[in-house]
Amino acid sequence: MNHWLIAPILIPLLGGVLQAFMGYAPISLRRTLALGTTVLLLVSTIVLLVMADDGSYRLYAFGNWEPPFGIVLVLDRLAALMLVMTAVLALFAHLFSIGGADEGNRQFHGLFLFQLMGLNIAFMTGDLFNLFVAFEVLLIASYGLLMHGGGTARTVPGLHYVVLNLVGSAVFLISVGMIYSVTGTLNMADLAVRVLLLSGEELELVKAGGMMLLVVFALKAALLPLCFWLPKAYARATAPVAALFAVMTKVGIYAILRVYLLIFGDDAGALANLGMDWLFPLALITLTMGVVGSLGAQSLKTLVAWQVIISVGTLLAPIALGSEEGISAALFYLLSTTWTVAGLFLVAELVASQRGSALDKIVTAPRMRNRTLISVLFLIGAVAAAGLPPLSGFFGKLLILNSVTSGPEMAWLWSVLIIGSFFTIIAYSRAGSIVFWRTVDGHIEEPKPLGGNLRAATGALIGLSLVIVAFAGPINEYTDATAAQLQNRAAYLEILQTPMVGEEN
Amino acid sequence: MNPFAEYAIAFLLLLGGAFTLIGAIGLARLPDFFTRLHGPTKATTLGVGAIMLSSVIYFTARGDGIGISEVLITVFLFMTAPVSANILAKAAMHIGVKTMDGTEGKPWEQ
Amino acid sequence: MITIALYITIAMVTLAALLNVYRLIRGPDAPDRVLALDTLYINAIALIILLGITLGTRMYLESALLIAVMGFVGTVAMAKYLKRGSVIE
Amino acid sequence: MELVFALVIGALTSSGVYLLLRARTFPVVVGLTLISYGVNLFLFSSGRLATGGQPILGSTESYSDPLPQALVLTAIVIGFAMTAFVVVLSLRNLADNEDDHVDGRQGERPEKPEQKSEEERSQ
Amino acid sequence: MLDRLSFPQPWLSLILFVTWQFLSDGISGGSLVLGLILAWAIPQMTQGFWPERPSFMRFWLMPKYLARVLKDIVIASFEVAALIISPRKPRPAFVCYPLELEHPLAISILASTISLTPGTVSADVSDDQRLLLIHALDTEDEQEVISTIRKRYEQPLLEMFK
Amino acid sequence: MSLPLVVLLPFLGAIAAPLFAQGGRTAIAIASSVPALIALAALYPNWQVLADGGYVLYHQEWLPALGISLSFRLDGLALLFALLILVIGLLIILYARYYLKPKENIAKFYALLLCFKGSMLGIVMSSNLLLMLIFWEITSLVSFLLISYWTHKQDARRGARMALAVTGGGGLALLAGILIIGNIVGSFELDDVLAAGDQIKAHAMYPVALTLVLLGAFTKSAQFPFHFWLPHAMQAPTPVSAYLHSATMVKAGVFLLARLYPALAGTEQWFYMVSFTGMATLLIGAYIAMFKHDLKGLLAYSTVSHLGLITLLFGMGTQLAAVAAVFHVINHATFKASLFMAAGIIDHETGTRDMRRINGLWRYMPHTATLAMVAASSMAGVPLLNGFLSKEMFFAESLELNLPGLWAWLPPIVATLAGIFAVAYSARFIHDVFFNGKPVDLPVYPPHEPPRYMKIPVEILVFACVMVGMFPAISVGPLLYSAASATLGGDVPDYKLAVVHGLNLPLLMSFVAFFGGLLMYTQRQRFFDFHARFKEIDEKAVFEAVVSRLATFSHDLTGRIENGSLQRYALLLVLSVIAVAAAPLMNVGIFVGELGLSPVDLPTAIAAGVLIVCALLTAFLHRERFYALVLLSVVGLIVALAFARFSAPDLAMTQLSVEVVTIVLLMLALFYMPSWTPLESTRGQRGRDALIALVAGVGMTLVTLAMLTQPFSSISDFFLENSKTGGGGTNVVNVILVDFRGFDTLGEITVLAIAALGIYAMLKDTALTPPPGDGMGHPWTRDAHPMMLRQIARPMLPLALMISAFIFLRGHNLPGGGFIAGLITSVALILQYIASGMVWTQERIGIKYHNVIGLGLLFAIIAGAGSLAFSYPFLTSTFGYITWPVVGKFEVASALVFDLGVYLTVIGATLLALVSIGRLSPHSAIKPKKEGV
Ligand code: NA
Ligand code: NA
């Protein structure tokens, strides 16, 4: 068994525990150790990515108990992609936080690392209940992070976020109960095998459970009508937290990809493509809602928060259609949009830090400091987010457009995506020109200097949209291979045959 | 099972049940909070104590070894019931719950 | 004989619990409700013990012990809340 | 037995959902607690109901399904952590907004007044 | 150094040790060793939580006292039961009982005894710990209540906590 | 390799040019010219291939999945445009060197200009439609930045946004069109697309694709009704207007028409859409141009009109018309760019562009005036100038259109009418600016000639106008031929480039236009009066109003939907769950499955009844909060009893302990909250909520019933079989928790730990004012720690610790374990806090709960990681039996260490959470330390 597989979980866990012990250590030490942990995590995920690229499934059986009895981690291309994407994002968000956002609360780094741990478990686990536990780990850490930073603005949205997710968790457990009560198992691969044997009432129970699970994932993913907790919560979170949260909705999307392709995929007999007919129209409406929200946004952070919703709709539409090309396209776009949105949250924070009391509001204010740098970063981010050439967002959207070939779905997806892009351009150009160009005379009190950390972190995340373009070919090859792997259910099921340690030969 | 044990068990069970019920009747029937306080503090405690004892005898008689947990529970109940009553009485006096007509003396100001 | 006595006892304790619930709902004051709850906890101990005797197992004795401990702490906390407001200060 | 158990879960769900839809933090928290009781019982019962079948080896002849019990134990503890957090969050809400609404009637500083300086209206 | 290895509350340790033997499934080498460890370790950890331990106490008087209380509980329980069931209205009274005991633990034991014995509940102890407020369920004569308590319970306790 | 280099060079230049900013404006101008010079040199060797009717292709795979390749193609058409872009670009660089003021950021200007140049070259040289689209959209973006170069000017910003919205939006339509074409053809390579013209035109999606492509072309080339952005883009610095809005970017649209001509043209749809759009634009642009007082405004509408002319020519669908269109592209670029530059000079020298103030400049700047007048004459279509030639061809083609009936008259009439207008506004440009009396109140007075070098670009362009006008065949013949050939896909019709083709109908039309125009100009006041009767629409204001309305509308709509009410969000969530679960559940006919119902015993039924009653009462009486808590406790207690009743002793114990901690927690919180909830909801709301709650409850009941009565088998037999042999314990639930599914447990204690740390962090600087007394008007009692309670709490702690130890140690084999033991210890300590207070207890505990939590997690991790040393997976447990003297045989299990971790974490987390709340109390002497960095 390959012990690298637990590295992305153990590294942040140990880092987090260390932080819990070090509450009263000097901040420089805590920062160094925390950042070191994130770097180590990134290294480990890259190792996993390289391993996963051979296209095989790797299994890690906790306690050396074979599946379906014990909990297993499964590494495949999709998991590796999510891990690396998250680790890269985390590294820069973390770097940004060291610019001062981590002050005022000794638990920040610990919570940050625990959140990564939860995310990584979610991406790797092959067990339905363990996925619930992973969700809880990442959620509870996110609750803490969301409230980080003092002030009263984030309390109410935080409360909404927490309560809704608690209900979501309850629904998750009910779904697990329904599914277990019929299939008697929790391992995803085993479930995929067992759902084929169902009929009658049992089938309907699993169907209902599966649909409720979809609601849970849709809540995490912020799919309409379950998306309204997001904009205010994200807009008011501390910038590096908001940046990290860019990946949170993606967990829901990941879960839909993983669970629905494996258990309720094309080959699932009576349960094939469960719920996908709901998902497609909702995704398009979500996208539309996101565009409306971004047009009406009155601060940059709110604008970016609605961009998260736009991304969700954009991602789930092709996933709902379920073609291999569509999934590959969605994965490509996923990578792009996650980093871009995160970068834009950081840009918005830079704006807020340099504009005195106007913060990041889309209003006229005295000319901000460091305008050139920040406006260039915003421009790049906005172009990538709106999906204009030549940045990564364009290629993502292009892949998505290209992945549907005919029929009414194509008409709908194209119209909504393209018209949505148009209005997004309007929203960004309006916001950008007001914030960066339209100035009045006035004095801004000396802002905090833009530290190297802040510049580097923001620049790097925004710059990733260029990197993605530069490596668009290889990345697309990878996502193609990932989509193909995801569609090949039979290969995943072979993990059930993996020998345990001591059983080889 | 030893018939003597059986009789003891049955007797203790019924005694415990009766006391528990009487305590509950007291709680339900008596006219004010302070009189109601008497029911649970002893009748119920005693009733549960009797049932515990029957359990001890039952399992001991079955040869499952000496059951001490029940004794521990009983001791614990006897230790805590007066404190519960005390602190509840204090709360009641604080709130100023009404005493029944004809009560001699007065509760203290809290 | 034990079985009959057991059933009668269970019936009595269950009835007692019902009476406790009656008092709990009836009130009229908060201390009455807490008192009823406390009594209900003690009745629950009896029920668990009776369950253990019925099933012939001692697996549930520790649950009874825990009810005793937890019921007490719960009652104390509630009573303290009623007169002091802050349970831990 | 099954019907009684099902009714219990239904009642817990109903009460919980009703409270969840109230306008203040406290009933919402109580509602969440009720829901989680219901959910725990439900998950527990996914291994079916058994009397005297505690999964302690040697204590009985046939055992009830131990897995849902372990899951529920995990769920209870996680639920406790979550409840604690949400309780504290509602305290924070109380501290920050001086009342405990969650229905949007307060706590939100209105964003409207700042609209005036929009570019479009400046002329 | 050796202080740290001692048993700060020997009686407590003893009680813990004995209880442990009962809790364990029969007395064995393992239970003895473990009991000893716990009987030593737990008081070590918790001694700070029991600062006002009685410095002197005649423990051997305790069983006699307990027996008397138990007897009273059983006998008087029937009286109360009868009262509860009978349709007669009780004649309750609040009685102020002047305490002679001084040690808080002793007062607590007395108050508990009063509560456990039927017909009376200790409702409160005054701030200066000189007075005990007792609620009597059904009495005509307050003085009788006071003198009974004094004689049957407080005197033995005064003996014990001398 | 030279083709991608040509496109890439300007971008490299854009990066490099600013590096020369130190060297002054001339240095940076020279540096910025280098890419174009190299590019010209690089293009030169290809000329022979093109002249022979061939083309040069460069192909490099990029994203095969998308069909995007790095394909470049140099043919006549591309060369023609590339030359325009490069040559005029060079002139613009020179011109801008003098145009921009010294304090303005010329580096940024040149960098953007070079970016624009590169992307424009990309459009014309791409041989892959998607690649072209990428460049297409970059030109929109860069032009956005160029138009708003003077960011402090509101009009510039607005004009830029409008241009971006229209051209960028058109680009998106074009994208869709290209994708459809690509789908039809199966390739985005230009060669394939051009070769598949018939296939495309026959396809059902052709009309859609055509419409979308034309949307792209028309928006970019400012065709009616999308023409409005162009005049407002004139807020850009004049070099930008001259370059983007006359010579290059607006030509991208007509370039696209030319490029895709073989693939899309030749159908009725093409004809009607393109030619009528062109006609409308031609006429409307020319008409409006007459009334513009702004010099650049006049030129802008003139440009619109000329673009309409070119479009109309492409729309006609005849080969000759296409040739004329290509020819007019060249001519218009030369005269219009020079006119813009002249206008810029005038603006520069007089400080205004208002023709009502600018008069009689001939006296002040005769040199510039001469150049402008020649160029304007070309614009008017005066013979011997290049504008005349293509216009004649246009007139001729307008007569050739085969429209039915009287409609056949329409094109020539429109053409002539537009010609009249063109002459009129050209005359105005000449007369009104250079003659017509004296200047009125010029901001800069007196004006004089601009710097020498600023005029050179104008001179060159005007020279080109004249050369082409007089010697068309020599000067532009080969270039036009190869461009036309590339446009038409090979077969170029016979056409003659001559100054005059003899007396014919087109010449007559020219005459009519010329004198009609002059006449019109002399009668201008009437027309002005006539025109003034119509209210002029300010498109920019409309656009801004629309965007602003859109923003406000969106904001209001968003605010109405996302109204900040948890009730609504929760309602949506609950309804979603009900909705998705309903359909499958409807299919379940009978909810009682195969197993049927088993009998219920009386105590269970009564307990269930009590639970149900209390649960419902909690909901209905929730406004009395303390009462609700008491009821909740009953529910919790019965749930615990249910666990015991149905064979789950571990769960019963866990539930009991968690329950009491939860209640304590709720009471801690309730202290600060109102003890009553006022009635705020309406009867209707409550009814609705009750109904939804009922549906949810009934649903859960049915699901539970269906579930409980289905036969069942699970993986649990494995656990029962292996618990003792593989996990070393007989309490299967505990073995699952610490061994089979230990990873869940690790996650779970992590959750607990994080929750506690989060709570601590959240509360550390929270200040709450508790009410002075309970809700009924009683002040709080002074007696915080009743004596009896304190006395009982003392012995309780050691006792509870022993019970904890007992429960902990037996947990692997009997009900119990780390969780429950941890909770018992916690509750015992909580009792100390309740009985004796925060300060007292904290002093005696003396450990930081953070460290307890950390230690707990660490134990769990270490227990799990031990197996790694033996290369077994994480959390592989081991156990063994050891025999010691006295002690005897006992079991040692690594799972016990894991459980110890659980135990510690539970204690640390529970207490940290509760103590964090307790510290808020005003009575607590332990105040959170203000946390620094
Ligand atoms: Na004039
Ligand atoms: Na093992």
Side-chain angles (χ1 to χ4, degrees), chain A residues 1 6 17 20-21 23 27 61-65 68-71 103 105 107 114 130 133 136-137 140-141 143-144 147 160 163-164 167 171 181 184-185 201 204 207-208 211-212 215 225-226 228-229 292-293 295-296 388-390 398 401 414 418 421-422 425-426 429 433 437 472-473 476 501, chain F residues 63 65-66 134 137-138 151 157 161 164-165 168-169 172 176 179 547 550-551 554-555 557-558 562 566 569 572-573 576-577 580-581 584-585 587-588 593 706-707 713-715 718 739-744 747 750-751 754-755 757-758 761-762 850 853-854 857-858 872-876 931 933:
Chain A
M1 229 160 269
I6 44 164
V17 171
F21 276 121
I27 190 162
F62 284 107
N64 206 27
W65 295 109
F69 308 112
I71 296 174
E103 287 165 17
N105 173 355
Q107 309 311 321
F114 283 130
N130 192 245
V133 174
E136 300 305 302
V137 172
I140 188 75
Y143 303 158
M147 294 304 296
H160 294 179
V163 171
L164 289 175
V167 180
V171 179
S181 76
T185 191
E201 268 85 56
E204 301 301 332
K207 202 183 267 183
M211 287 304 289
M212 285 161 74
V215 173
L226 309 173
F228 300 113
W229 53 269
V292 170
L295 275 171
L388 285 179
L398 197 57
L401 290 173
W414 281 32
I418 290 177
S421 292
F422 172 69
I425 295 171
I426 292 190
S429 62
S433 77
W437 290 344
N476 190 230
V501 176
Chain F
L63 279 175
L66 268 179
I134 291 175
E137 289 289 57
I138 299 178
T151 57
R157 295 194 302 266
R161 279 165 51 196
L164 177 65
L172 291 172
L179 286 175
V547 171
L550 197 63
S554 300
H555 183 75
L557 183 66
T558 311
E562 186 218 4
L566 178 62
Y569 307 161
L572 285 171
L573 178 53
S576 301
V577 175
V580 299
L585 292 180
N587 295 336
V588 181
M707 178 174 96
S713 73
S714 81
I715 56 173
F718 178 89
D739 196 340
F740 294 115
R741 295 185 68 91
F743 187 58
D744 272 349
T750 312
V751 168
I754 302 168
L757 294 176
M762 188 161 47
H850 291 87
I853 294 173
L857 285 176
L858 211 55
Y872 273 88
F874 190 66
L875 289 172
T876 307
E931 294 220 344
V933 177

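Labels below follow one simple rule: chain letters A, B, ... track the order of the sequence lines, proteins then strands, and each chain is numbered from 1.
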Tell me, side chain or backbone of A/I426 under 4.5 Å from chain F's heavy atoms, or both, or neither?
-> side chain
Checked F/V580, F/L858, F/I138 vs chain A; the most non-hydrogen pairs under 4.5 Å come from F/V580
Honestly, the part of A/L388 sitting under 4.5 Å from a heavy atom of chain F is side chain
What closest approach, in Å, do F/Y569 and A/H160 show between heavy atoms, and which atom pair accounts for it?
-> CE1-ND1, 3.7 Å
Taking C-beta and beyond as the side chain, do F/L573 and A/V171 meet within less than 4.5 Å on heavy atoms?
-> no
Could you tell me if the ring centre of A/F21 sits under 6.0 Å from that of F/H850?
-> no
Which of the residues A/G70, A/A61, A/S181 is involved in the greatest number of heavy-atom pairs with chain F at under 4.5 angstrom?
-> A/S181
Closest heavy-atom contact between F/H555 and A/G296?
-> ND1-O, 2.9 Å
Which atoms of A/L164 approach chain F - backbone, side chain, both or neither, heavy atom under 4.5 Å | both
Is it the side chain or the backbone of F/I715 that comes within 4.5 Å of chain A heavy atoms, both, or neither?
-> both
With chain F, the option among A/F114, A/W414, A/W229 that has the most non-hydrogen atom pairs under 4.5 Å is A/W414
Count the heavy-atom pairs under 4.5 Å between each of A/I71, A/L295, A/V215 and chain F, then report the option with the highest count.
-> A/I71
Using non-hydrogen atoms only, which part of A/M147 is less than 4.5 Å away from chain F: side chain, backbone, both, or neither?
-> side chain
Over all heavy atoms of both residues, which pair between A/A141 and F/I754 is shortest? Give the atoms and the distance, please.
-> CA-CG2, 3.6 Å
Nearest heavy-atom neighbours spanning F/I134 and A/P390 | CG2-CB, 4.0 Å
What do the steps show when you test F/L875 against A/N64 for side chain to side chain contact (heavy atoms under 4.5 Å, CB included), and what is the final call?
-> CA-CA 8 Å; F/L875 289 172; A/N64 206 27; over 6 Å; no
Where on F/M762 is there a heavy atom nearer than 4.5 Å to chain A: the side chain, the backbone, both, or neither?
-> side chain
Contact origin within F/S576 toward chain A - heavy atom pairs under 4.5 Å = both
Side chain, backbone, both or neither: which part of A/V163 has a heavy atom under 4.5 Å from chain F?
-> side chain
Select one option (side chain, backbone, both, neither) describing which atoms of A/A472 are under 4.5 Å from chain F's heavy atoms.
-> both
For F/R161 and A/S429, the nearest pair of non-hydrogen atoms, with its separation, is CD-O, 3.8 Å
Parallel, tilted or perpendicular: which fits the ring planes of A/F62 and F/F743, with parallel below 30° and perpendicular above 60°?
-> parallel
Return the option, out of F/L550, F/L566, F/T558, with the maximum number of heavy-atom pairs under 4.5 Å with chain A.
-> F/L566
Between A/F422 and F/L172, the two heavy atoms sitting closest are N-CD1, 3.4 Å
Largest heavy-atom contact set with chain A, pairs under 4.5 Å, which of F/G854, F/P584, F/S714 = F/P584
Using non-hydrogen atoms only, which part of A/F69 is less than 4.5 Å away from chain F: side chain, backbone, both, or neither?
-> both
Non-hydrogen atoms of chain F under 4.5 Å away: do they reach the side chain of A/L226, the backbone, both or neither?
-> side chain
Heavy-atom pairs under 4.5 Å with chain A are the metric here; pick the option from F/L164, F/D744, F/L572, F/L557 that has the most.
-> F/D744
Under 4.5 Å from any heavy atom of chain F - which part of A/V137 | both
Residue, of F/A761, F/G758, F/G168, that accumulates the most heavy atom pairs under 4.5 Å with chain A = F/A761
Proximal component of F/I853, with respect to chain A [non-hydrogen, under 4.5 Å] | neither
Chain F contact via A/N476 - which portion, at a heavy-atom distance below 4.5 Å | side chain
